[in-house]
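Here's the structure, in structure tokens; my notes come after.
Each ligand, and each atom within it, is numbered from 1 in the order the structure gives. Note that these values count all heavy atoms, side chains included, but never hydrogens, waters or copies made by symmetry. Position 1 is the first residue of the sequence, and the numbers go up from there.
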Amino acid sequence: MKANQERIEKHIKALSKFTATPGQGTTRMTYSAQDLQARNYIKEQMKEYGLQVREDGLGNIFGKLEGENKDAPSVIVGSHFDSVPNGGDYDGPAGVVAGLEVAALFQENQIKPTYPLEVIAMIEEEGSRFGGGLMGSRGIVGYLQKEEIAQIKDKNEVSVPDAMRMIDLDPSLEVKRDPETIKAFLEMHIEQGPILEEEQISVGVVESIVGLTQLDVTITGKAGHAGTTPMNRRSDALVAAANIISKLPQIAIEEGEGTVTTVGKHEVFPNGANVIPDKVVFSVDIRSSKEMHVKNVIKKVKDLIVSYETDDIQTTVEQPLYMQPKELNQEIRSILKASCERLDISFLTMHSGAGHDAMVLSDITDVGLIFVPSKDGLSHCPEEWTAIPDLANGVEVLYETALKLTEES
Ligand code: GLV
Ligand code: MN
Ligand code: MN
């Protein structure tokens, strides 16, 4: 079954307009005005394709096509629709659009599945507003309890429930989903790396996903005048932070086997050119395909941070996210590969260095994740780009796989 490339392109273009930084990539923070615009668009399309639409207590969007068997668990297809700051048009939306297109193909072919088909569009996968990341899927799985969610705040101290209410979402709704209501989850995502393009292969069938953690580090020192405080009387939080940060790459390199560390977020207080900084807050993202390496690096980073404590320099480390590396379901991987073969679409088995909602949902259901090529391997930047025929190939593989999973007992 051929996917409709015009429809796919229309959706990608429409969603790309919902950005807070036009001309400078997609910036779509969770529960922002742009979230609301994208949300309304996705809900409209879901209705157009005959799906019953609902949102949960985190604002994850579900569109359901009932199965012949009303009580049967659903095959869910989709991804997230938030973005990083100044990101691209495809990280997340490509998978949501894939879900929409699978639903459109079910409708066009008048398929009445035995098991329900659900399209999902999840919130806050990137953690760009509330930190940590994978928030939508962690809520669905039950890793974030209601009380915990109520405590999560953005950098302006706006809580998740308050931010939700600002766009008329209802935080009192249930978030955790009974695993018995899910048969499988399928996600299409852009590769975000160069392999598929270089090898001229259409689809990556993902076998495993990297283990990852995020640390939020606060260094507190003492503010003072930049001109009158002698160098030996300073407790400069930024100098301590800079020393720590400069040592992180070496820790990752020494750990080896592809272990990586990144400091992507950094704030200085009070942020005046002639004031000695009294507080610095930064993130440390640590990833490795082996959990042992993630754990080793966490310990080394924490020890390093503590080693900079003095009477006037204090440190705290919080850990808003920890995910073990995941191996994805073998049977679904086989069905995805068989679908590629049947459709004559070239494929490769791959490992994912990026985190995905699929890794969270794999704790409660059988999960399949496929990649489609990324131009020049670029992602998390405005240049992120995937050709529409490549997206269509991925959609066709998902459609075939969803057909099989919604029919089979
Ligand atoms: C999501 O893009 C992640 O890998 O952090
Ligand atoms: Mn991303
Ligand atoms: Mn993503």
Subject >> H380 contact mode with ligand 1 (heavy-atom cut-off under 4.0 Å) >> reply: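 It is the side chain that touches ligand 1; the backbone stays farther off.
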Original post:
Is ligand 1 under 4.0 Å from a heavy atom in the side chain of H80, in the backbone, in both, or in neither?
Top reply: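 Neither part.
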Would you confirm whether [X], through its side chain, and [Y], through its main-chain N or O, come within 3.5 Å as a donor-acceptor pair?
| X | Y | value |
| --- | --- | --- |
| S83 | T26 | yes |
| D82 | T30 | no |
| E197 | D376 | yes |

Quick check on contacts: which atoms of ligand 1 are under 4.0 angstrom from a heavy atom of [X]?
| X | value |
| --- | --- |
| E125 | 1 (C) |
| R287 | 3 (C), 4 (O), 5 (O) |
| A354 | 4 (O) |

**OP:** Could you tell me whether E126 and ligand 1 have an N or O pair separated by under 3.5 Å?
**Re:**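 Between E126 and ligand 1, an N or O pair is found under 3.5 Å apart.
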Original post:
Do ligand 1 and G355 have nitrogen or oxygen atoms that lie under 3.5 Å from each other?
Top reply: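 In this structure, G355 places an N or O atom under 3.5 Å from an N or O of ligand 1.
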Original post:
For H11, which of F81, Y41, F18 qualifies under ring pair (Phe, Tyr, Trp, His ring centres under 6.0 Å)?
Top reply: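 One option only clears the test, and that one is Y41.
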**OP:** Check H189 and report its N/O/S atom nearest to the Mn ion (ligand 3), by atom name.
**Re:**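 The closest N, O or S atom of H189 to the Mn ion (ligand 3) is NE2.
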**OP:** Would you check if the Mn ion (ligand 2) lies under 2.8 Å from any N, O or S atom of E126?
**Re:**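 It does; at least one qualifying atom falls short of 2.8 Å.
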**OP:** Looking at D91, pick out the N, O or S atom nearest to the Mn ion (ligand 2) and give its name.
**Re:**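 Closest N, O or S atom of D91 to the Mn ion (ligand 2): OD2.
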Original post:
Relative to the Mn ion (ligand 2), which of the N, O or S atoms in H380 is the closest?
Top reply: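 Result for H380 and the Mn ion (ligand 2): NE2.
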**OP:** Please determine, by modelled atom types, if T19 and Q34 share a side-chain donor-acceptor pair under 3.5 angstrom.
**Re:**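 No, Q34 and T19 have no side-chain donor paired with an acceptor closer than 3.5 Å.
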Original post:
Taking the six-membered ring for Trp, is the centroid-to-centroid distance between F371 and H356 below 6.0 Å?
Top reply: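 Centroid distance F371-H356: below 6.0 Å, so yes.
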